[in-house]
Amino acid sequence: MGTMSSPTNREKLFSDTLDAAEEYLQLQHALGEALRAGFLSLAQARYAMGADRVSSLQIPSTLSATARVTTAGEWFALIPNDMLPLVIAGGNLNLLLQEPSSAAAPAPSHSPPSPHAQDVPATSTSVPEAAAGALQDCAGPPAAPAVEASGSADPASHGLEQQLQQLRLAAESHHQSNNLMEQLAAKYCCDGAGTLPSPDDPLSGGAAVDDEQYAEVAKPGKPLHWFGSLVAPSLREAEGHFGRALAAAVQAANAQRRLQKGPASYSSAC
Amino acid sequence: MAEPGQGSLIAMIVDQDSATGLLLTGVGHSDLRKRTNFLIVDDKTTQSRIEEAFREFTTREDVAVLLINQVIAATIRHLMDAYNKPVPAILEIPSKDAPYDPSQDSVLQRVRFMFGEA
């Protein structure tokens with residue numbers, strides 16, 4: 001029985017390896033297509049904005065990665081961030097983001113820093129850290145503690161609601177304060193923790209500092225902002241294309257793993 | 001290994017255009033010692049620098065995937081062929097000037113060689 005099943009087993013391993021090789025080549029092709037589209041959009045952005053404005057010269061010295069992979073289990077999986085939903089919506093790849101069990105655990109509490117700062121810290125202890133992190137890393141994405149404390153499991157909708165609440169609070173606080181000096185102090189002065197509001201944060205003010213629940217959020221550090229506050233639409237398209245390329249690259253890495261296992265298993269079965 | 005739950009980094013040894021585009025997705029990272037997870041290769045980058053970056057990224061515990069342009073990988077093919085660890089995974093990607101060539105991919109070459117032996 002063992003000797004009769006061994007050729008069958010070897011054939012199965014061989015066909016599995018060929019399938020993995022085919023999948024790997026398909027993903028490489030998809031990766032190449034996404035990269036090609038990204039390079040074209042990048043060239044269009046350089047034409048529109050100027051070659052010096054879209055180059056590695058704009059890369060800040062301090063960076064914090066918002067796109068990471070998990071090695072939960074056996075395979076790689078991209079940790080979702082604000083850019084990856086664009087990939088899911090616009091791309092035609094069959095994204096294998098994460099296994100449901102591994103996706104639920106790390107994403108809510110330890111997701112990478114949100115470029116849109118949608119994950120507003122729910123506790124006051126994280127606010128000074130977030131603001132301090134924003135000061136230290138003024139060119140890059142916000143510091144990790146700001147996101148770790150948020151615990152947002154659905155950043156897209158939950159973050160939007162919090163932003164709306166912050167806007168309402170800020171509007172109310174500005175209307176209620178009649179004293180000009182108090183308004184200026186609330187807007188520009190430090191809070192009790194000794195942190196300064198971020199200049200780019202539209203909610204910097206008394207409401208953001210006084211109300212601990214809706215306190216200062218970390219400065220959003222979306223990489224797109226390295227190239228200016230107003231970027232060409234083609235640069236945003238390039239961001240989407242390269243995001244798809246990154247997702248394809250992670251999938252290709254998984255296919256590569258399966259492909260590397262095949263010959264070893266086949267050799268051991270011989 | 002990276003802090004549990006925080007995720008591992010994606011390192012890159014790529015040309016300027018690939019780096020600019022991929023950094024837009026947020027893969028760039030620099031730690032407290034100003035160590036970055038990417039190397040931008042241009043005409044002035046020496047092979048020894050590329051080899052040094054390859055060794056560094058393949059020995060870092062916080063790197064899970066290493067992206068490298070296939071053209072650049074060809075210059076350090078001896079290191080690519082000698083590499084056999086599962087993590088970080090090394091993925092050869094096309095560049096703006098050179099498309100992906102399956103015949104140059106170290107992984108596919110290894111699979112072809114092993115099945116050829118069997």
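All of these numbers come straight from a predicted model, not from anything done at the bench. Order of the sequence lines fixes the chain letters, A, B, ..., with proteins taken first and strands second; residue numbering starts at 1 for each chain.
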Q | Where A:Ala65 and B:Val27 come nearest, the two heavy atoms and their spacing | A | CB-O, 3.7 Å

Are [X] and [Y] close enough that some pair of their side-chain heavy atoms sits under 4.5 Å apart?
| X | Y | result |
| --- | --- | --- |
| B:Pro102 | A:Leu25 | yes |
| A:Leu31 | B:Leu91 | yes |
| A:Ile59 | B:Phe38 | yes |
| B:Ser8 | A:Val69 | yes |
| A:Tyr24 | B:Val111 | no |

Tell me, side chain or backbone of [X] under 4.5 Å from chain A's heavy atoms, or both, or neither?
| X | answer |
| --- | --- |
| B:Ile40 | side chain |
| B:Leu67 | side chain |
| B:Ala64 | both |
| B:Asn37 | neither |
| B:Ile90 | backbone |
| B:Lys96 | both |

Q) Under a 4.5 Å heavy-atom cut-off, does chain B meet the side chain of A:Ser55, its backbone, both or neither? A) both

(Q) Quick check on A:Leu235 against chain B: is it the side chain, the backbone, both or neither that has a heavy atom closer than 4.5 Å? (A) both

What distance do [X] atom [atom1] and [Y] atom [atom2] have between them, rounded to the nearest 0.5 Å?
| X | Y | atom1 | atom2 | value |
| --- | --- | --- | --- | --- |
| B:Asp97 | A:Phe39 | CG | CZ | 8.5 Å |
| B:Ile10 | A:Leu246 | CD1 | CG | 4.5 Å |
| B:Asn69 | A:Leu35 | CG | CG | 8.5 Å |
| B:His29 | A:Thr62 | NE2 | OG1 | 10.5 Å |

Q. Do A:Gln260 side-chain atoms and B:Lys85 backbone N/O form a donor-acceptor pair below 3.5 Å?
A. no

(Q) Tell me whether B:Thr25 contacts the main-chain N or O of A:Phe242 through its side chain, where contact means a donor paired with an acceptor under 3.5 Å. (A) no

Q.
Less than 4.0 angstrom from a charged side-chain N to a carboxylate O is my criterion; do B:Asp17 and A:Arg46 meet it?
A. yes

(Q) Using side-chain contact (heavy atoms from CB on, under 4.5 Å), reason through B:Leu24 and A:Trp226 one step at a time and then give a plain yes or no. (A) CA-CA 9 Å; B:Leu24 277 175; A:Trp226 301 342; 5.9 Å; no

Q: Mind ranking B:Ser18, B:Gly21, B:Pro94, B:Ala89 by heavy-atom pairs under 4.5 Å with chain A and telling me who comes out on top?
A: B:Gly21

